[in-house]
Amino acid sequence: MTSPLLLAMPGNEVLTEEIGSALGWKVGEIEERRFPDGESYVRVPTRLDDGPVVLVCTLAQPDEKFLPLIFASATVRELGASRVGLVAPYLAYMRQDRRFNPGEAITSRLVAKLLSQSFDWMVTVDPHLHRYGSLSEIYAIPTRIIHAAPLMSDWIKRNVAQPLIIGPDSESEQWVAAVAREVGAPYSVLEKVRRGDRDVQITLKDMHPWSGRTPVLVDDIISSGRTMIEAVRLLRADNWPSPVCLAIHGIFADQSDELLAAAGARVVTANTVPHSTNQLSISRLLTFALLEMMSHP
Ligand code: R5P
């Protein structure tokens, strides 16, 4: 089998180099910029040799990345790539998974359709699967999911002496229960009602049997940060020690990283979206998933 050529869309160079050196795969170049009128320019200066190509593109702030990614995929095919795979460590739009209000676009489905038309397969990390049981419900191409929960458990074991694992909402119970079991710590799941993009209401449960422990809030995504900020505020008001906010994907819209730090939280994320809080590395798990995908697509 010819080794794939890895191409990093802008901002994904570090992870791509890590994968390339771990697997001994060549890393090529891709150029992308904007014309003065805002249109995208994409060029693949690396010579392709009819082998497979893997594009690496995390999809935080997706709208600005999506069109150049589709252009890049089509271009490498025109230049001779036999197959084109996508590594999208953060998969955007998964939370819009039903019509919450009449007439809304179910964008998770639309993005899945577009990516399925452009790529032969996809590897991603913990996509937000809430109302979908699996990616195959919306993706028409083979997909592999990497689960970062073991990285979270590992980090907690090494860094927090007496943790109390807390999920900010019922959706997070899947992570929280698995992480708490692995760490050997108690857990609690809070109640959350989202009233708007930046408006969440959270209710603490009675966690006093575990007082003295360090709260570790565990979630898949920190987006506007309102979920974590509100949970941190309530915990501090209830005299808990400074919490740790542990998330896989740190999107940090609205400078929520700074707001969380100001609220007294320590924030830790995985490197699915490059950020100074990245302390969990998905590179190794990615290499396993890629090898598996290349041998049994
Ligand atoms: C809920 O659906 C997710 O698991 C996260 O709790 C949520 O996406 C976080 O969003 P935000 O940071 O905007 O509150």
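A quick note: this is a predicted structure, and the numbers were derived from the prediction, not measured. Along the sequence shown, residues are numbered consecutively beginning with 1. Just follow the structure's listing: the first ligand is 1, and inside any ligand the first atom is 1.
For the residue pair Glu182 and Ser153, no side-chain donor N or O sits within less than 3.5 Å of a side-chain acceptor on the partner.
For Phe252, the ring-ring contact (aromatic ring centres under 6.0 Å, His included) partners at least two apart in sequence or on another chain are His275.
The immediate protein surroundings of ligand 1, defined as residues with any heavy atom under 4.0 Å of it, consist of Arg95, His128, Asp169, Glu171, Lys192, Arg194, Asp219, Asp220, Ile221, Ile222, Ser223, Ser224, Gly225, Arg226, Thr227.
Here Tyr41 is tied into one hydrophobic group with Phe35, each link being a pair of ILVMFWY side chains closer than 4.5 Å.
Within the structure, every pair that satisfies the side chain to side chain donor-acceptor pair (under 3.5 Å) test and touches residues 217-229, not counting sequence neighbours, is listed here: Arg95-Ser223, His128-Asp220, Lys192-Thr227, Arg194-Thr227.
The distance from atom CZ of Arg83 to atom CE of Met294, rounded to the nearest 0.5 Å, is 7.5 Å.
Summarising the geometry of Leu217 relative to Pro243, their closest heavy-atom pair is CD1-CB, 4.3 Å, with the distance given to 0.1 Å.
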